[in-house]
Every structure is written in C-alpha cells, then in structure tokens.
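Input: a single structure, listed below in structure tokens.
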Amino acid sequence: MTVGDIIRNTEKLRPGSEMSRSDMLSEINRTELDIYDNIISEHEGGGERRVYSDESEEVSVPDNFAELYKFRLVAKIDLNNGDVTRYTNNMLLYNNLMSGYYDWYNRRYMHVSRAKLRWC
C-alpha cells in the first residue's frame, strides 16, 4: 500500500477535515518511527528506518496490516475535532493492528539479544 493510498482512504473517511496532506504525511512518518523504534530495531535484519516524502512510496508494513496508518490518522483527526468516542474506537483498532503486526514480526524475525553473558 502506498502513502497516497492511505491519505486518500483517510480523506474518504473524514472528508473536509482540517488536517492537510502534509500533516497526514508527518503523522504517517511518526507512525513509521514508532514501528521502527518499538518493533523493527529490536529484531535482527530489520533494516533502516524509513522516512516518506512522496505519496507514491510503499509503506514498510505488509498490506494486511497497513490500515494501522489509516486508523492512527483518523484517530488524530477525531482528537483534533474533540470527538473522544471516535478517537478511542480508532485507537483501539490501531492498537489491535499494531499488536497483530508485532506478533507477526516476532514470528518472522529473531529478536536481538542485548544481554551479555558473564562467567564468574
């Protein structure tokens, strides 16, 4: 899924929102930073942190989990609009997808061992 697809899907869900496309791109990059810091960097062979600058770029998360970006964007819009109920529901969906992605990633890649073995 591309960054542009995520932004277009979000605009369909919240037409007329005051969040600009550049703000949405910034929020997608913040989500990507969270994914990298909390999941990818903790595993072997995870790769580099990605920063998106173009809407034609593919996100790093597989398509079956890519909606997590959309739910976080929609939640941010709902929070800005003061709609706490919708915000809460969208963050629950986001957290559920993020948890599923974390579990999938853990099954696929070996976790980095940071512990040092000391022999006395």
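Contact check on K76 versus D23 returns no salt bridge, with no Lys/Arg side-chain nitrogen under 4.0 Å from an Asp/Glu carboxylate oxygen. Salt bridge E67/K70: present, at least one basic N to carboxylate O contact under 4.0 Å. A salt bridge is defined here as a Lys NZ or Arg NE, NH1 or NH2 lying under 4.0 Å from an Asp or Glu carboxylate O, and R49 with D37 fails to meet this definition.
Of the possible donor and acceptor atoms, none in the side chain of T31 sits under 3.5 Å from a partner among the backbone N and O of Y69. The closest donor-acceptor contact from the side chain of N96 to the backbone of L92 lies at 3.5 Å or more, if one exists at all. For D78 (side chain) and D83 (main-chain N/O), no donor-acceptor pair under 3.5 Å exists by modelled atom type.
Atom OH of residue Y94 and atom CG of residue L73 lie 10.5 Å apart, to the nearest 0.5 angstrom. The distance from atom CD1 of I6 to atom CD1 of I28, rounded to the nearest 0.5 Å, is 5.0 Å.
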| message | I'd like to know whether I39 forms a side-chain contact (heavy atoms from CB on, under 4.5 Å) with N106, so could you lay out the CA-CA distance, the side-chain angles of the two residues, the decisive distance to 0.1 Å, and finally the verdict. | response | CA-CA 8 Å; I39 300 173; N106 271 333; over 6 Å; no
| So H43 and M110, side-chain contact (heavy atoms from CB on, under 4.5 Å) or not? Walk me through it. | CA-CA 6 Å; H43 292 79; M110 180 68 89; over 6 Å; no
| request: Report the C-alpha separation of L79 and R86 in whole Å, then their side-chain angles, then the decisive distance to 0.1 Å, and conclude whether the side-chain contact (heavy atoms from CB on, under 4.5 Å) test is met. | output: CA-CA 8 Å; L79 183 64; R86 284 175 113 178; over 6 Å; no
| field | Evaluation steps, side-chain contact (heavy atoms from CB on, under 4.5 Å), between R21 and E11 | value | CA-CA 9 Å; R21 289 177 88 85; E11 288 174 336; 2.7 Å; yes
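Contact check for V3 versus I7: side-chain heavy atoms found under the 4.5 Å cut-off.
Residue E18 qualifies as open at atom CD: its count of foreign heavy atoms under 6.0 Å is 12 or below.
The aromatic ring centroids of F65 and Y101 lie less than 6.0 Å from each other.
Using modelled atom types and a 3.5 Å distance limit, the side chains of D5 and T2 yield a donor-acceptor pair. In this model, a donor atom of one side chain and an acceptor atom of the other lie less than 3.5 Å apart for S60 and E32.
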